[in-house]
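Numbered from 1 within each chain, the chains take letters A, B, ... in sequence-line order. Being a predicted model, the structure only gives us computed values, none of them experimental.
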Amino acid sequence: MPKQHNMPEQLFKIRHSLAHIMAQAVTERYPDARPTIGPPVENGFYYDFAVPQPFTPEDLAAFEQRMKEIIQKGVVFQRKEVSAEEARRLFAGNPFKLELIEGLVSGAGDDMGESEEETPDSQSAAGNSQSVISIYTHDTFTDLCRGPHVASTREINPQAFKLTASSGAYWRGDEHNPMLQRIYGVAFETPQELQHYLQQVEEAKKRDHRKLGRELEIFFFDDEIGPGLPLWQPNGAAIIEELEKLAKEIELKHGYKRVRTPHVTKEDLFLRSGHLPYYAESMYPPMELDDGVKYYIKPMNCPMHHKIFGSKPRSYRDLPIRLAEYGTCYRYEKSGELFGLMRVRSMQMNDAHIYCAEEQFEQEFMDVIAMYLEYFNLFGIDKYVMRLSTHSRKGLGKKYVDNESLWLKTEDMVRRAMQKHNVPYVEQADEAAFYGPKIDVQIWSAIGREFTLATNQVDFAVPARFDLKFTNREGKEETPLCIHRAPLSTHERMIGFLIEHYGGAFPVWLAPIQAVLIPIADRHIEYCQQVAQRLAEIGLRTEVDDGNDRMQNKIRKAQGQKIPYMLVAGDKERDAGAVAVRLRTGEDLKAMPVEQFIARVQPIITERKADL
RNA sequence: GCCGAUGUAGCUCAAUGGCAGAGCAAUCGAUUUGUAAUCGAUAGGUUACGGGUUCAACUCCCGUCGUCGGCUCCA
């Protein structure tokens, strides 16, 4: 996603000006530091510096203090337009600024670090010759900048910002470029808004799936097993089972057939698919057998499914053919990219491949979109963005299959299908798969990191590499299109997301433990076990808390585990064949016969309702 | 992979070069309780791992591994 600057004008100016003030503080303390770019961003701002030594936490505290002093002086920001020569002279000691100036001169970009839209054809030369170079000066500091800025630092509340972090960042976001040091700040108009934001961040940390996953005993990582390789505890496995059950039901309804494929395969398969050598760095290294044949652990399932499609002659009458598998894949993600369950090295994908004729494409593609919406509606997921990810011309032959007309054609197919069915989406160039455009569903983790949850991809290239064919109406051989889709993402990312989405309080059908039986005294344990047995008969995941705690503490523990139903049983309930039902919301439904509880719960589970 | 921070009991955290501790969890005992913490006792550690400095290292230094915050990348 590009950085969106849809914040109010004044806030934009405050944040942008704070970035300049920070640059002043930094260059005062470290005259060797070379400021590069420093834009406002969501919730604040950052500035990247080229420095000989990375900043320390003490540096940040000192910068923040100095910034407050500068703000309190009430200095003004002054804009001045300069010629290219003057700009070059002013920033002669700063190669990064000089690069920016050359960019401005050639009309390629600005000091916000944003590249202009990649539309070389439509781009007239108009902006180039007359691009304005402006500088802003406040106090002792002058920066190359488009602006706008506050008129005076009196518009900035010195108590309404905070420097939060420093980290490395590559110049212009390219890992082949030198690494700069970035300082992040958060900033608002008032101290109250800052406090509110900081509190929100604290609240979000409580929903973090890494924290909840441990507390709720859903999954964990172990040093001896390896980074990015989660172990699913019984609670996590219960969630997985439910998701697979859901997927199988829905996919059956949508005409999918289930297949199973091996986890390892000869190198030849991935050479054929084109993943090797291109994708090799994201794959676990091969194992070489005695005869010198290399085998890889699969990073995706598609080539295997292609083989199944190609295993016999296909007629147009057979299409579309939809092959589904919860395939287990392994990807050697770079160590620094791992992130709890959201980014792992072993994963189980809600994968399927749909082979269809071109005239069937729209219906198949939209059926997948409908499936997404069906799932999202079920989970109550509404904070997502559907993104049409398209190719870029400069990536043709490198990141993307080199066939521009097919790209344009398939992108248009997707675009028209989405528009015709009124599904909102945004478009993002240069994010496509190497074999075709796709609809990605973007979501955000509790701490605000963006991920692709589900994906729906067009593949106009790989079926041909596998010589996939069907016989069309005219008796001629034709290559099918392939749709790769994963509406439920991978178990790992989906469950990571769902933990945060529900804050650990899963709907009953997904809850790892659906009801806990709480005996009031030891003499009620046996009765509780009988009830638990009965509940197990209808498929409820139940436990009896026969521990030595008092009932109150058992409730507290169940509450902490976010178990939907707490079923309390004492003398009265035992004698009446009843349980006293307490919901995790705190609501007390009082005693009811066990069969009445079952009658309440069963439809909630089978219909996968959100309520308790 | 890169930059930085960080790693103490299952979990959350103390101990700033001088005997490694607390709360929760666990185990045992007592209690038998009516809707968010009953009481007591016990056990739990080669302070991530490997080197080094020092009379003495959880503490200082170096390396490895993991984790966290970013960058890059992605289901």
Sugar-phosphate, base or nothing in reach of A/D223, heavy atoms under 4.0 Å: sugar-phosphate
Nucleotide forming a Watson-Crick or wobble pair with B/C60, both distances under 3.5 Å: B/G52
Proximity to the side chain of A/V344 - top-ranked nucleotide from B/A37, B/A75, B/G69: B/A75
d(CZ, A/R343; P, B/C68) in whole Å: 14 Å
Sugar-phosphate, base or nothing in reach of A/S489, heavy atoms under 4.0 Å: sugar-phosphate
Donor-acceptor pair (no angle test) under 3.5 Å: A/R331 side chain, B/C73 base: no
Full working for side chain to side chain donor-acceptor pair (under 3.5 Å) between A/R582 and A/Q559: CA-CA 10 Å; A/R582 180 198 159 98; A/Q559 215 46 74; 3.0 Å; yes
Complementary nucleotide of B/U12, counting Watson-Crick and G-U pairs under 3.5 Å: B/A22
Sugar-phosphate only, base, or nothing, as touched by A/E587 at under 4.0 Å among non-hydrogen atoms: nothing
Touch class at under 4.0 angstrom, heavy-atom based, for A/D571 against every strand present: base
Closest nucleotide among B/A75, B/C71, B/A36 to the A/Q552 side chain: B/A36
Between C1' of B/G10 and CD of A/E217, the distance in whole Å: 9 Å
Distance, C1' atom - from B/U47 to B/U16, rounded to whole angstrom: 15 Å
OP1 or OP2 of B/A36 under 4.0 Å from side-chain N/O of A/R550: no
Sugar-phosphate only, base, or nothing, as touched by A/I518 at under 4.0 Å among non-hydrogen atoms: nothing
Sugar-phosphate only, base, or nothing, as touched by A/R582 at under 4.0 Å among non-hydrogen atoms: base
Pair partner, B/G40 [Watson-Crick or wobble, under 3.5 Å]: B/C28
A/D222 CG - B/G7 P separation (whole Å): 20 Å
Heavy-atom donor-acceptor pair, A/R485 side-chain to B/A75 base, under 3.5 Å: no
N-O pairing of A/R387 and A/D440 below 4.0 Å: yes
A/Y170 (side chain) and B/G1 (base): donor-acceptor pair under 3.5 Å: yes
Pair A/E526 + A/R574, salt bridge at N-O below 4.0 Å: no
Sugar-phosphate, base or nothing in reach of A/T452, heavy atoms under 4.0 Å: sugar-phosphate
Listed nucleotide nearest any side-chain atom of A/E573, set B/C71, B/G34, B/U72: B/G34
Given RNA chain B, 5'-ward residue of the pair A/E333 and A/L180, judged by closest heavy atom: A/L180
Spacing between A/I447 atom CD1 and B/C68 atom C1', to the nearest angstrom: 9 Å
Within residues 197-207 of chain A, residues whose heavy atoms come under 4.0 Å of RNA chain B: none
Check: A/Q53/A/Y30 side-chain N/O donor and acceptor closer than 3.5 Å: no
Atom C1', compared across B/U59 and B/G21: separation rounded to whole Å: 15 Å
Side-chain N or O of A/S167 closer than 4.0 Å to phosphate OP1/OP2 of B/C71: no
Side-chain donor/acceptor contact of A/E224 with base of B/G66 under 3.5 Å: no
A/E217 side chain to A/Q233 side chain, donor-acceptor N/O pair below 3.5 angstrom: no
Ion pair check, A/E215 and A/K206, cut-off under 4.0 Å: no
Spacing of A/F434 atom CZ relative to B/C73 atom C1', expressed in whole Å: 17 Å
Check: A/R210 side chain, B/C68 base, donor-acceptor under 3.5 Å: no
Residue matched to B/G69 through Watson-Crick or wobble contacts both under 3.5 angstrom: B/C3
A/E337 with A/R331: basic N within carboxylate O range, under 4.0 Å: no
Touch class at under 4.0 angstrom, heavy-atom based, for A/A521 against every strand present: base
N/O donor-acceptor pair, side chain A/N548 with base B/U31, under 3.5 angstrom: yes
A/C329 and A/N301, any side-chain heavy atoms less than 4.5 Å apart: yes
A/H275 ring center near A/Y296 ring center (under 6.0 Å): no
Ion pair check, A/K205 and A/D208, cut-off under 4.0 Å: no
Close residues, residues 556-566 of chain A, relative to RNA chain B [heavy-atom separation under 4.0 Å]: A/R556, A/Q559
Mate of B/G45 where both pairing distances stay under 3.5 Å, Watson-Crick or G-U: none
A/F339 CZ to B/A75 C1', straight-line distance once rounded to whole Å: 15 Å
Sugar-phosphate only, base, or nothing, as touched by A/M349 at under 4.0 Å among non-hydrogen atoms: nothing
Sub-4.5 Å side-chain heavy-atom contact between A/Y527 and A/L517: no
B/A36 phosphate, OP1 or OP2, under 4.0 Å from A/R584 side-chain N/O: no
Distance, rounded to the nearest Å, where A/R182 contributes CZ and B/C3 contributes P: 16 Å
A/R523 side chain, from C-beta outward: closest of B/U35, B/U32, B/U72: B/U32
Rounded distance (Å) that lies between atom P of B/G69 and atom CD of A/Q181: 18 Å
Side-chain donor or acceptor of A/K97 paired with backbone N/O of A/T36 under 3.5 Å: yes
Under-4.0 Å salt bridge between A/D549 and A/K557: yes
Along RNA chain B (nearest heavy atom to each residue), the more 5'-positioned of A/G570 and A/P227: A/G570
Given B/A25, B/G34, B/C2, the nucleotide with the shortest approach to the side chain of A/K572: B/G34
